[in-house]
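One-based numbering along the sequence shown. Model, not experiment: these values are computed from the prediction.
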Amino acid sequence: MDAAATYLVVIDDSPESRVAMRFAVLRAAHVGADVRLVSVVRPTEFMHFGAVQSMMAAEARADAEALLTQLAGEAEAMEGARPSVLVLEGDPSAVILAHVKDNPGVRALVLGTASRGTPGPLVCFFAGERAGSLPCILMLVPGSLDPDRLVTIA
């Protein structure tokens with residue numbers, strides 16, 4: 001990762017991850033930082049038919065890459081800078097934590113929170129027992145924020 005300060009945004013197919021991405025893009029533009037969008041593909045369960053397992057893993061990776069490409073385009077349209085993208089494989093909490101620890105340029109880990117209901121597993125993991133030991137800032141962006149409010153607070 002570059003030495004420039006980076007806002008690392010975890011992306012999945014949820015609406016709140018898009019709100020988090022928009023916030024990070026706006027905030028990074030204000031402070032001269034970069035944005036990196038990351039998606040995590042869970043390993044497929046072991047199957048006796050390795051070809052099927054490999055095909056499922058390749059399809060999940062392709063889906064993650066397509067989503068990241070789409071959102072990187074949306075981010076570029078917002079502020080003119082295209083975020084870098086990264087697909088990680090493994091347990092989401094563990095691989096994101098390892099990535100943050102291995103990349104000192106990460107200024108903030110940006111997670112979207114659900115508009116209602118219980119927090120997701122990443123929010124629980126990072127805002128729970130790991131909150132005090134992260135090597136960067138943790139930003140939790142409410143998924144219910146409307147675009148005008150995002151502009152105001154970013």
Say you draw a straight line from CG of Leu71 to CD1 of Ile11; how long is it, rounded to the nearest 0.5 Å? 5.0 Å

Under a 4.5 Å side-chain heavy-atom rule over Ile, Leu, Val, Met, Phe, Trp and Tyr, are Ile153 and Leu111 clustered together? no

When rounded to the nearest 0.5 angstrom, what is the spacing between OG in Ser39 and CZ in Arg61? 9.5 Å

With the side chain counted from C-beta on, respond yes when Leu145 and Phe23 share a heavy-atom pair under 4.5 Å apart, and no when they do not. no

Would Leu109 and Met21 show up in the same hydrophobic cluster when neighbours are defined by side-chain heavy atoms closer than 4.5 Å? no

CD/Glu74 to CZ/Arg82 distance, rounded to the nearest 0.5 angstrom? 10.5 Å

Does the side chain of Leu97 reach to within under 4.5 Å of the side chain of Phe126, using non-hydrogen atoms? yes

Interatomic distance, CZ@Arg22 vs CG@Leu26, rounded to 0.5 Å, equals 9.5 Å

With Val19, the side-chain contact (heavy atoms from CB on, under 4.5 Å) member among Leu150, Thr113, Asp146: Leu150

Test item: Ser93 and Leu122 side chains (from C-beta on) under 4.5 Å apart, heavy atoms: yes

If I compare all heavy atoms of Gly90 with all of Val40, which pair ends up nearest, and what's the gap? O-CG1, 3.4 Å

Say you draw a straight line from CZ of Arg27 to CD of Glu79; how long is it, rounded to the nearest 0.5 Å? 12.0 Å

Using atom types as modelled and distance alone, determine if a side-chain donor or acceptor of Asp91 lies under 3.5 Å from a backbone N or O of Ala94. yes

Check whether any side-chain heavy atom of Arg36 lies under 4.5 Å from a side-chain heavy atom of Asp34, and answer yes or no. no

Rounded distance [0.5 Å steps], CD1 in Ile96 versus NZ in Lys101: 13.5 Å

Between Leu138 and Leu140, is there a side-chain heavy-atom distance shorter than 4.5 Å? yes

Any heavy-atom pair between the side chains of Pro135 and Val100 that's under 4.5 Å? yes

So, do Ser115 and Glu16 sit near enough that their side-chain heavy atoms are less than 4.5 Å apart? no

Taking all atoms of both residues into account, what is the closest heavy-atom pair of Val123 and Gly112, and its distance? CG2-O, 3.9 Å

Nearest heavy-atom contact between Ala24 and Val9 is CB-CG2, 3.3 Å

Close side-chain approach of Leu8 to His99, heavy-atom, < 4.5 Å: yes

Is there a path of hydrophobic side-chain contacts, each under 4.5 Å between heavy atoms of I/L/V/M/F/W/Y residues, joining Phe125 to Ile137? no

